[in-house]
Amino acid sequence: MTAPPRRHGPAALDVYYWPTPNGWKITILLEELGEPYNLVPVDIRKGAQFDPAFLAISPNNKIPAIVDHAPVDGGAPYALFESAAILAYLAEKHGRFLPTVLRERHTVHQWLAWQIAALGPTAGQVHHFREYASEVIPYAIERFTNEINRLYGVMNARLRDHAWLADDYSIADIACWVWIRLWRHHEQDLATFPHLRRWFDAIAARPAVNTGFRAGNALREGKPTMTRDARNVLLGQRVRDA
Ligand SMILES: N[C@@H](CCC(=O)N[C@@H](CS)C(=O)NCC(=O)O)C(=O)O
């Protein structure tokens, strides 16, 4: 049996973290919930995501991950990776930002799945081909910039007659907001998506969003995550231990 992960600070919740969109989702939600947490830095620029102790919690070698040392079921410390699973767990734990009414709850899950399956991965490809790729590949840039433009349009249409993606402000809004925040990197203009812009501004004005977004920014020491050294760690990964 492996030893349970040790607790990293005074709070009962450890958040394995680096200040990136997927990390911000969790600190924003925790600030909204008012749940104390210990930030455990995982410097993905330097390969800390391959530390065996971290891989035991997050076998996909990615942040975010959590260990809840005081889970509501009273059992052993509970570890989770994948941001959508973590958002749903924390929201359910507090009974906030994820409704209990069946249809409302699944509408949140629908938009959360859309973020995880479409918005996030497409934004990742846009960043990759526009900013990180070692060669300029116009086809890939055009393909993914078109696709993210389409996805912005899907959100804008939904928000035309809905204040939020689901019925109320929820974990689905938080999950999407961290990506739309990077709209300039997506070569999009929020002025052309007025409903998305209204939604974006409403979330940006929430104090907890501001605090959660800034939670670990000092870790980066003012540098972007994708430094020259980070490229070697983050790009071109292949199986390490099959
Ligand atoms: N689907 C995952 C994606 C997580 C993810 O891509 N994390 C990035 C930072 S935003 C990471 O840890 N990358 C490190 C690596 O790929 O080695 C989630 O939603 O949690």
Side-chain angles (χ1 to χ4, degrees), residues 13-30 37 39-68 78-91 97-98 108-133 144 148 151 165 170-183 185-186 212-217 219-221 223-242:
L13 189 78
D14 291 333
V15 180
Y16 291 80
Y17 188 80
W18 195 249
T20 68
N22 290 308
W24 295 328
K25 293 174 191 171
I26 310 306
T27 44
I28 288 172
L29 177 62
L30 286 167
Y37 53 95
L39 270 192
V40 186
V42 179
D43 191 340
I44 60 173
R45 301 168 309 182
K46 298 191 175 148
Q49 66 272 43
F50 299 108
D51 179 333
F54 179 65
L55 287 175
I57 295 163
S58 183
N60 194 35
N61 67 260
K62 291 183 194 290
I63 65 92
I66 60 165
V67 177
D68 189 351
Y78 185 50
L80 269 180
F81 67 97
E82 279 295 328
S83 60
I86 297 168
L87 290 174
Y89 171 78
L90 293 171
F97 308 119
L98 180 61
V108 172
H109 280 304
Q110 165 190 270
W111 285 104
L112 196 53
W114 180 84
Q115 185 280 298
I116 290 292
L119 184 64
T122 303
Q125 299 298 342
V126 172
H127 298 170
H128 181 85
F129 287 108
R130 297 195 81 92
E131 295 171 15
Y132 311 143
F144 291 111
I148 202 133
L151 295 172
L165 289 170
S170 74
I171 52 175
D173 297 296
I174 294 173
C176 289
W177 185 84
V178 297
W179 289 104
I180 300 300
R181 215 197 129 260
L182 299 170
W183 57 274
H185 295 260
H186 303 158
F213 165 65
R214 290 175 200 291
N217 272 356
L219 295 171
R220 274 204 304 232
E221 300 147 338
K223 295 191 200 114
T225 290
M226 196 61 86
T227 56
R228 185 184 292 266
D229 290 345
R231 295 178 60 84
N232 298 329
V233 175
L234 291 168
L235 306 182
Q237 292 178 13
R238 288 173 62 88
V239 64
R240 291 166 81 94
D241 185 18

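Counting convention: from 1, in listed order, for ligands and their atoms alike.
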For [atom], what is the nearest protein heavy atom, given as residue, atom name and distance?
atom                    : value
atom 4 (C) of ligand 1  : Ile63 O, 3.2 Å
atom 20 (O) of ligand 1 : Ser83 N, 2.8 Å
atom 13 (N) of ligand 1 : Lys62 CG, 3.8 Å
atom 3 (C) of ligand 1  : Asn22 ND2, 3.6 Å
atom 2 (C) of ligand 1  : Glu82 OE1, 3.3 Å

Straight-line distance of Ser170 OG to Leu29 CG, nearest 0.5 Å
10.0 Å
Return the CD1 to CD1 distance between Ile86 and Ile26, rounded to the nearest 0.5 Å.
4.5 Å
Contacting atoms of ligand 1, where contact means under 4.0 angstrom from a heavy atom of Leu234:
14 (C), 15 (C), 17 (O)
Considering only heavy atoms of Thr20, which atoms of ligand 1 have at least one such atom less than 4.0 Å away?
9 (C), 10 (S)
Counting distance only, does the side-chain N/O of Asp173 pair as donor-acceptor with the main-chain N or O of Leu165 below 3.5 Å?
yes
Within the side chain of Ser58, is there an N or O that forms a donor-acceptor pair under 3.5 Å with the backbone of Phe54?
no
Could you establish whether Pro64 and ligand 1 come within less than 4.0 Å of each other, counting only heavy atoms on the residue side?
yes
Find out whether Glu131 and Met226 are in side-chain contact, i.e. whether some heavy atom of one side chain is under 4.5 Å from a heavy atom of the other.
no
With backbone taken as N, CA, C and O and side chain as the heavy atoms from C-beta onward, which portion of Ile86 lies under 4.0 Å from ligand 1: side chain, backbone, both, or neither?
neither
